[in-house]
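Single-structure report; data block below.
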Amino acid sequence: TPQGEPLARTKILGANYPIYSDEFGIFEAEIAENQQLFATLPDGRTCQVQLPAIESARQFYNIGDAICHSVSYTHLRA
């Protein structure tokens, strides 16, 4: 949210399939190098989820909290 709270039950696009965050804002996604994730905010705006560089040799990442960039900064727990 614009207040910096996790985005619970939010649709996230850009992964290999559409996903939703859970009630805590946590999500799991299958992505490849250079894929970008986008979340739809409750007010209808879309923001881009900032992800760390993905190494193709690794299969799993726990990225912790990710920042979702929009007109204002919001946070999405990952």
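Side-chain atoms are counted along with the backbone in the values below, which use heavy atoms only and exclude waters and symmetry mates.
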(request) Say whether, by atom type as modelled, one donor and one acceptor occur between the side chain of S21 and the main chain of T10 under 3.5 angstrom. (result) yes
(request) Kindly check if the number of other-residue, nucleotide or ligand heavy atoms within 6.0 Å of CD (E23) is above 12? (result) yes
(request) Looking only at non-hydrogen atoms, find the nearest pair between Y20 and F27 and report the distance. (result) O-CB, 4.1 Å
(request) Give the cluster check for I19 versus I31: same hydrophobic cluster or not, with ILVMFWY residues linked at side-chain heavy-atom distances below 4.5 Å. (result) yes
(message) Donor-acceptor check, side chain of T40 to backbone of T46, threshold 3.5 angstrom: yes or no?
(response) no
(message) Using the rule that Ile, Leu, Val, Met, Phe, Trp and Tyr join whenever any side-chain heavy atoms are under 4.5 Å apart, tell me whether L37 and Y17 fall into a single cluster.
(response) yes
(request) Search all heavy atoms of A39 against all heavy atoms of L7 and return the closest pair with its distance. (result) CB-CD1, 4.4 Å
(request) Looking only at non-hydrogen atoms, find the nearest pair between A15 and E30 and report the distance. (result) CB-O, 3.5 Å
